[in-house]
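Structure first, then comments.
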Amino acid sequence: MYWLVKSEPDVFSYADLASRPFEPWNGVRNYQARNFLRAMQVGDGLLFYHSNTTPPGVAGVARVARAAYPDDLQFDPESPYFDRGSSPDNPRWSMVDVAAVAALPRFVSLEALRTLEDLEDLALLRRGNRLSVMPVPEAAWRRILEVGGLDPDEIARQLAPGGGVG
DNA sequence: GCCAACGTTGGC
DNA sequence: GCCAACGTTGGC
């Protein structure tokens, strides 16, 4: 499957993701977004979206490197993501590991996204949407990659488990 | 269960 | 900085 994840680039950008082997996608504290995290499988494709910046838009492609496991920050009293109501034997919040695949040669801004075909079902473009994790229909995935300057078929090979660089 | 108040998100 | 939209909280 395909997904879109939002990140504020001032906090964590696509370049930050590309500078390390993987990143634990922790701190998600919305039930709908959490359920999407739990539905992710290793090798799923991710659109990495820069939010709360100028201009907002899709900066790169990433993949799910590890399926959902308990978000450790929920048990850390010092963390802003600490959740007193969650217990280790029944964790409330989950995270996945995310790894960079390719930056988009052409950044696809939100403004540009609004002009594209095949994106009618993309939750990102729906009014008032605030989800930080959401599914992306395959037609939208392919369209955004093409406009961004990537070959969806080549990316598919890199997403497959055991795929990756080379 | 209702709903007003409040906090957060995120585009502009 | 503004504010619309939305989720959560808590009194009742």
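A note on names: the letters A, B, ... follow the listed sequences, proteins ahead of strands, and every chain is numbered from 1.
Chain A approaches DNA chain C over the interval C:dA5 to C:dT8, counting the first and last nucleotide 5' to 3' with an atom under 4.0 Å from its heavy atoms.
Formation of a donor-acceptor pair under 3.5 Å by the A:Asp16 side chain with backbone atoms of A:Ser13 is found in this model.
Of the charged side-chain nitrogens involved, at least one lies within less than 4.0 Å of a carboxylate oxygen, so that A:Asp153 and A:Arg142 count as a salt-bridged pair.
At a threshold of 4.5 Å between non-hydrogen side-chain atoms, the residues A:Val61 and A:Leu104 count as touching. The shortest distance between side-chain heavy atoms of A:Trp25 and A:Val5 falls below 4.5 Å.
Applying the side-chain hydrogen bond (donor to acceptor under 3.5 Å, both in side chains) test to residues at least two apart or on different chains, the pairs with a partner in residues 40-49 of chain A are A:Trp3-A:Asp44.
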